[in-house]
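The structure appears right after this line, and notes come after that.
Lettering follows sequence order; numbering is per chain, from 1. Since the structure is predicted, the reported quantities are computational estimates derived from the model, not experimental observations.
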Number of protein chains: 2
Amino acid sequence: MKLSDGVEAAIHCATMLAALKDDAVLPTTALAEFYGVSASYLAKHLSALVRCDILISVNGPAGGFRLQRPADKITLLDVVLAIEGDAPAFRCAEIRRNGPGAPDASAYIKPCGIKSAMLAAERAWRGELAKTSIADLVQSFRAEADPRSLARNRAFVADTARVQPRTD
Amino acid sequence: MKLSDGVEAAIHCATMLAALKDDAVLPTTALAEFYGVSASYLAKHLSALVRCDILISVNGPAGGFRLQRPADKITLLDVVLAIEGDAPAFRCAEIRRNGPGAPDASAYIKPCGIKSAMLAAERAWRGELAKTSIADLVQSFRAEADPRSLARNRAFVADTARVQPRTD
DNA sequence: CTTATCCTGGATAAGAAATATCCACAATTA
DNA sequence: TAATTGTGGATATTTCTTATCCAGGATAAG
């Protein structure tokens, strides 16, 4: 069992975007370079976040991504499900119905106890992920991170953020 | 994110073995046929359970597997970790240290908040799995399963179980 | 209106991991 | 000695992940 590498990148990008003001955005290439990951692959993940209404994308020059809503309304679970999909990790193949002499489907209306227990554990996992918001991560980063790391992130946002042109 | 198919088979086999008496055992081929799964592949998973001290294997004719300890001392977590390995699902690649201008390792002594949150969720998952024992599963199966399914399992054990020869 | 930038989605391929099979070998029983 | 069964290694096969590339559309600036 392994989570996609994209999860780590997606969460980092979301926390970075949470530092933007107003309608500013950050482009894929800048984020990919900052985190040292593949730009074309990161683009796939960011698109997934857009499809799940976690990010908003802006096309054209000075385009990029920003959060779709306040960072305290976006949970780790939202991001993980956007990248991984919402299928449960335990896929019951119903092997209890296999083999010779197995009764027909009417004998298996009640869910398998194994499946129930495995899915209960996943609910606990998801529940825990839902407790942490992107805002929580930003806050703990600001409170605990090394000053050098903090400064680097701030400089990146300051240098790279782009503001949407005003339609005055 | 997906759990190995072997997890389902391993748990089913463990619950079946919990119905054995004394030193009786069940061979791989019988279990594989009963659940309609690949015998040679199931053998791999059963070996993993032996390596993790969940099952005991008996060689030779009339050989097979049985539980290493009482079913209430074996949890779902034990079985899942035996099949999946105990590496966490979230593998932090520390991309926060990547990219140009990143400070050296001394700036990243404190663990990343993202990693901490992801691992906390996994602890919740594992904690939930640890709450359910093989004995719990057997009990709920006996209480809730369809009589036809129950009878089939009982007949299988009665027909297939083998007892170790006595060293009188 | 043209150019440059950037996101989008599909096609595609390389790589890793899960799934599955086979076989030689050791252990054990009859 | 012959038959049965688990063990571990080697090896395919399939599936999923990771990664790249490109054509297309949207948009801003000149």
Test side chain to side chain contact (heavy atoms under 4.5 Å, CB included) applied to A:Leu137 and A:Leu76, step by step: CA-CA 9 Å; A:Leu137 293 174; A:Leu76 270 186; 3.9 Å; yes
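- Atom P of nucleotide C:dT21 and atom CG of B:Leu42 are separated by 12 Å, given to the nearest angstrom.
- Annotation: side chain of A:Glu128 is not in contact with side chain of A:Leu77 (no heavy-atom distance under 4.5 Å).
- Cluster partners of A:Ile109 are absent, since no Ile, Leu, Val, Met, Phe, Trp or Tyr has side-chain heavy atoms less than 4.5 Å from it.
- The closest side-chain heavy-atom distance from A:His12 to B:Cys112 is below 4.5 Å.
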Could you run down nucleotides 2-18 of chain D 5' to 3' and tag each one B, S or - for protein heavy-atom contact under 4.0 Å? -BBBBSSBB------SB
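- For the pair B:Tyr35 OH and C:dA20 P, the computed distance is 17 Å after rounding to whole Å.
- No side-chain donor-acceptor contact under 3.5 Å links A:Arg91 to the backbone of B:Leu3.
- Pair assignment for C:dT2: D:dA29, on the basis of Watson-Crick or G-U wobble contacts that are both within less than 3.5 Å.
- For B:Ser38 and C:dT21, the shortest distance from a side-chain N or O to OP1 or OP2 is below 4.0 Å.
- Taking a cutoff of 4.0 Å between a charged side-chain nitrogen and a carboxylate oxygen, A:Asp78 and A:Lys73 do not qualify as a salt bridge.
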